[in-house]
Visitor: 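Got a structure for you, questions after.
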Protein chains: 2
Amino acid sequence: MEQENFHFSDHNHENCKSAIIKTAEKRCEENGVRFTRQRRMVLEILAESHQAIGAYDILERFKPNAKSRTAPVTIYRALDFLIENNLAHRLSSLNAFVACSTTHNGLDAQFLVCKKCQYVAELSTNSLHKAIHKEAESAEFTVTSPMIEIRGICSTCKKS
Amino acid sequence: MEQENFHFSDHNHENCKSAIIKTAEKRCEENGVRFTRQRRMVLEILAESHQAIGAYDILERFKPNAKSRTAPVTIYRALDFLIENNLAHRLSSLNAFVACSTTHNGLDAQFLVCKKCQYVAELSTNSLHKAIHKEAESAEFTVTSPMIEIRGICSTCKKS
DNA sequence: AATGAAATGTTATTATGTTACATAAACATT
DNA sequence: AATGTTTATGTAACATAATAACATTTCATT
Ligand SMILES: [Zn+2]
Ligand SMILES: [Zn+2]
Ligand SMILES: [Zn+2]
Ligand SMILES: [Zn+2]
């Protein structure tokens with residue numbers, strides 16, 4: 001799941017998807033929480049692409065495979081679960097969600113969000129992590145959940 | 001308008017407010033845009049505190065001094081204007097707004113947001129600015145508008 | 001005063017997210 | 001297996017946040 005550039009151009013997304021699901025199975029096992037059918041379905045929808053997707057769009061894609069009529073709260077509950085277990089992230093600047101695509105190893109996540117094509121690259125760099133915590137510390141501020149969403153234009157979109 | 005800690009404990013907020021309004025008058029003059037009654041009223045409401053405030057809360061505080069019935073869109077239009085002219089900022093993680101309280105000098109803004117008391121400290125540091133642009137560059141990503149909202153607990157809340 | 005551009009008024013609508021309470025499935029204990 | 005307990009899901013209504021579309025007014029310039 002190493003990315004080389006913003007569009008993940010060289011990566012096999014089928015592998016990528018199955019890695020995300022496998023990670024989820026493993027982590028839920030470890031954490032003693034249940035990776036239910038609905039939670040899996042929502043994660044699979046997220047993992048379909050590296051673009052952020054809104055809850056109501058997820059709902060639309062969810063409905064065809066649902067066993068009964070599905071309400072928004074079902075999606076939000078699944079998303080809450082995934083986010084709590086670090087299997088997905090919410091992008092506040094878009095009111096949208098992505099599957100987690102990196103191993104954080106205790107570091108905060110950062111996102112590069114292309115305004116044009118909506119692709120999201122997830123980073124988890126030591127340098128940014130450190131810079132953030134250093135600035136916060138000097139203001140005597142205890143960081144719990146930084147939201148670092150770097151909006152701009154990806155290389156592919158810039159060329160075109 | 002220099003801040004020493006998160007709660008701006010040592011600052012005279014009356015000065016702070018009038019500085020915000022004066023800056024706005026000056027900037028609008030410079031930019032050849034109109035600092036109308038409504039825009040001023042919304043900025044004054046924002047400048048009342050360093051807490052983020054939602055558009056509908058602004059609306060409630062706006063109504064008593066309004067000349068006629070006021071709809072949400074009025075507030076949003078004023079906010080759009082203020083944000084465009086860098087006189088206010090939107091905090092995506094809260095769906096809320098604050099008056100700008102620093103001079104940016106070409107640097108991006110960053111925010112420390114206390115989850116407990118809702119206070120917002122605005123930073124505009126070179127070190128964070130650089131760290132962000134450096135990481136983006138190495139992903140061949142062109143930054144336009146980073147959203148850096150560092151959520152956590154301020155020193156005052158931590159003590160209590 | 002006539003003109004055009006910017007700002008505001010008015011109403012309705014869309015988008016996003018939550019509450020409250022009922023039912024069902026999974027798990028643990030006897 | 002029967003029981004109680006927790007966790008997950010179903011269902012409906014509601015709450016909050018933001019925008020669209022179009023009419024009217026205000027302001028600066030001619
Ligand atoms: Zn992929
Ligand atoms: Zn992640
Ligand atoms: Zn102040
Ligand atoms: Zn600012």
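Below, chains carry the letters A, B, ... as their sequence lines are ordered, and counting in each starts from 1. Given the structure is predicted, the values throughout are model-derived calculations rather than measurements.
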Visitor: Who pairs with B:E48 by salt bridge (charged side-chain N to carboxylate O under 4.0 Å, His left out), at least two apart in sequence or on another chain?
Guide: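 Salt bridge (charged side-chain N to carboxylate O under 4.0 Å, His left out) list for B:E48, sorted by chain: B:K17.
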
Visitor: Quick test of your reading: applying ring-ring contact (aromatic ring centres under 6.0 Å, His included), list the pairs with at least one residue in residues 83-105 of chain B, sequence neighbours left out, ordered by first then second residue.
Guide: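 For residues 83-105 of chain B: B:H89-B:H104, B:H89-B:F111.
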
Visitor: Which parts of residues 87-99 of chain A get close to DNA chain C, meaning a heavy atom less than 4.0 angstrom away?
Guide: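 Of all residues in residues 87-99 of chain A, the ones placing a heavy atom under 4.0 Å from DNA chain C are A:R90, A:N95.
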
Visitor: Can you run down the side chain to side chain donor-acceptor pair (under 3.5 Å) pairs that involve residues 54-67 of chain A, sequence neighbours left out, and say none if there aren't any?
Guide: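 Only A:E60-A:K63 qualify under side chain to side chain donor-acceptor pair (under 3.5 Å).
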
Visitor: Atom CZ of A:F35 and atom C1' of D:dT7: how far apart are they, to the nearest Å?
Guide: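 The distance from CZ of A:F35 to C1' of D:dT7 comes to 17 Å, rounded to the nearest Å.
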
Visitor: Can you name the residues that form a side chain to side chain donor-acceptor pair (under 3.5 Å) with B:K158, not counting sequence neighbours?
Guide: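 For B:K158, the residues satisfying side chain to side chain donor-acceptor pair (under 3.5 Å) (neighbours in sequence not counted) are A:T142.
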
Visitor: Hey, what are the protein-to-nucleotides 8-12 of chain C N/O distances that come in under 3.5 Å?
Guide:
{"from": "C:dT8", "atom 1": "OP1", "to": "B:T36", "atom 2": "OG1", "distance (Å)": "2.9"}
{"from": "C:dT8", "atom 1": "O5'", "to": "B:Q38", "atom 2": "NE2", "distance (Å)": "3.2"}
{"from": "C:dT8", "atom 1": "O3'", "to": "B:Q38", "atom 2": "NE2", "distance (Å)": "3.4"}
{"from": "C:dG9", "atom 1": "OP1", "to": "B:S68", "atom 2": "OG", "distance (Å)": "3.3"}
{"from": "C:dG9", "atom 1": "OP2", "to": "B:Q38", "atom 2": "OE1", "distance (Å)": "3.4"}
{"from": "C:dG9", "atom 1": "OP2", "to": "B:Q38", "atom 2": "NE2", "distance (Å)": "3.3"}
{"from": "C:dG9", "atom 1": "N7", "to": "B:R77", "atom 2": "NH2", "distance (Å)": "2.6"}
{"from": "C:dG9", "atom 1": "O6", "to": "B:R77", "atom 2": "NH1", "distance (Å)": "3.3"}
{"from": "C:dG9", "atom 1": "O6", "to": "B:R77", "atom 2": "NH2", "distance (Å)": "3.4"}

Visitor: For the base of D:dA18, is there a side-chain donor-acceptor partner from B:Y56 under 3.5 Å away?
Guide: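 Counting by modelled atom types and ignoring angles, a donor-acceptor contact under 3.5 Å is found here.
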
Visitor: Over 60° means perpendicular and under 30° means parallel, so tell me whether B:H129 and B:H133 are parallel, tilted or perpendicular.
Guide: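 The rings of B:H129 and B:H133 lie parallel, inter-plane angle below 30°.
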
Visitor: B:N95: what forms a side-chain contact (heavy atoms from CB on, under 4.5 Å) with it, not counting sequence neighbours?
Guide: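 Scan of B:N95 (side-chain contact (heavy atoms from CB on, under 4.5 Å), adjacent residues dropped) gives B:R90.
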
Visitor: Applying side-chain contact (heavy atoms from CB on, under 4.5 Å), name anything that partners A:R34, two or more places apart in sequence or on another chain.
Guide: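 Applying side-chain contact (heavy atoms from CB on, under 4.5 Å) to A:R34 gives A:T36, A:R39.
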
Visitor: Can you measure from NZ (B:K130) to OG1 (B:T125) and round to the nearest 0.5 angstrom?
Guide: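 One finds 10.0 Å between NZ of B:K130 and OG1 of B:T125.
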
Visitor: Given atom CG of B:D80 and atom C1' of D:dA17, what is their separation to the nearest angstrom?
Guide: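 It works out to 13 Å between those atoms.
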
Visitor: Between the protein and nucleotides 24-30 of chain D, which nitrogen or oxygen pairs are less than 3.5 angstrom apart?
Guide:
none

Visitor: For the helix from C:dA1-D:dT30 to C:dT30-D:dA1, how many degrees between its two end axes (five pairs per end), to the nearest 10°?
Guide: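 Taking the rotation axis at each end, their angle is 30°.
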
Visitor: Of B:V33 and A:G54, whose closest DNA chain C nucleotide lies nearer the 5' terminus?
Guide: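 The 5'-side residue here is B:V33.
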
Visitor: Who are the side chain to side chain donor-acceptor pair (under 3.5 Å) partners of A:T144, not counting sequence neighbours?
Guide: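 Applying side chain to side chain donor-acceptor pair (under 3.5 Å) to A:T144 gives B:K115.
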
Visitor: Output the rest of the hydrophobic cluster of B:L107: all Ile, Leu, Val, Met, Phe, Trp and Tyr residues reachable through side-chain heavy-atom contacts under 4.5 Å, sorted by chain and number.
Guide: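 B:L107 clusters with nothing; isolated.
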
